[in-house]
K.L.:
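The structure is given below, and queries will be raised subsequently.
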Amino acid sequence: MEEKVSSRRGFLKAAGLVAGSAVVVPSLIASTTDKTKTQSVYGEYDSNKIGTVSQLKKDREIDFSYPDEKSICKAVYIDGQVKAYSTICTHKGCPTIYNKDLQQFECPCHHTKYDAAKDGQMIIGHATGGLPEVLLEIKGDDIYAIGVDGLIFGRINNNRG
Ligand code: FES
């Protein structure tokens, strides 16, 4: 029994996961030289204003394009939180439709459903992953898209549409 604890501890030390170690989040690393750019494993992003919190509270959703005009996205207001996603289905690229009542994105092509309240994760369907989440920064009332966590359907780099 003691051997297992010791082995596990050794493994964690080797992996750099013990308390006090630096934790690197590979999906998003902010650039230190340009605060308007965000670098991640999925590309380098500009900071674009997509709307306001007051507008989103009123309309419950805002359509926008990010990181370019070919990439359609939607911001939604759920349980006091602003969330945003690429609305292109990760199965075969059909545009999803947002169901406000159920707070989910629904694909009309093969019926995959994604949970807007839970980071766009897939609820049911043919896709193998969730919707890419648009990372946001809120400054006062303004909402800025600053990156995308996940690969937008059909791209090998989110910035090459
Ligand atoms: Fe959306 Fe197939 S394209 S489920």
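When a ligand or atom number is given, it counts from 1 through the structure's own listing order.
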K.L.:
If you look at every heavy atom in I72 and P95, which pair is closest and at what distance?
P.N.:
CD1-CB, 4.1 Å

K.L.:
Tell me, please, if C107 has any N/O/S atom, main chain or side chain, under 2.8 Å from atom 1 (Fe) of ligand 1?
P.N.:
yes

K.L.:
Check each atom of ligand 1 against the heavy atoms of C89 and keep those under 4.0 Å away; list them by number with element.
P.N.:
1 (Fe), 3 (S), 4 (S)

K.L.:
Taking Y85 for its side chain and A116 for its backbone only, find out whether a donor-acceptor pair lies under 3.5 Å.
P.N.:
yes

K.L.:
Could you list the atoms of ligand 1 found under 4.0 angstrom from a heavy atom of C94?
P.N.:
3 (S)

K.L.:
N/O/S atom of H91 under 2.8 Å from atom 1 (Fe) of ligand 1, yes or no?
P.N.:
no

K.L.:
Any side-chain donor paired with an acceptor under 3.5 Å for Y114 and T90?
P.N.:
yes

K.L.:
Quick one: does ligand 1 sit under 4.0 Å from the side chain of H110, the backbone, both or neither, non-hydrogen atoms only?
P.N.:
both

K.L.:
What is the minimum heavy-atom distance between C94 and C107, and which atoms define it?
P.N.:
CB-SG, 3.7 Å

K.L.:
When you measure from atom 4 (S) of ligand 1 to every protein heavy atom, which one gives the shortest distance, and what is it?
P.N.:
T112 OG1, 3.1 Å

K.L.:
Mind checking whether H110 and H91 have parallel, tilted or perpendicular rings, split at 30° and 60°?
P.N.:
perpendicular

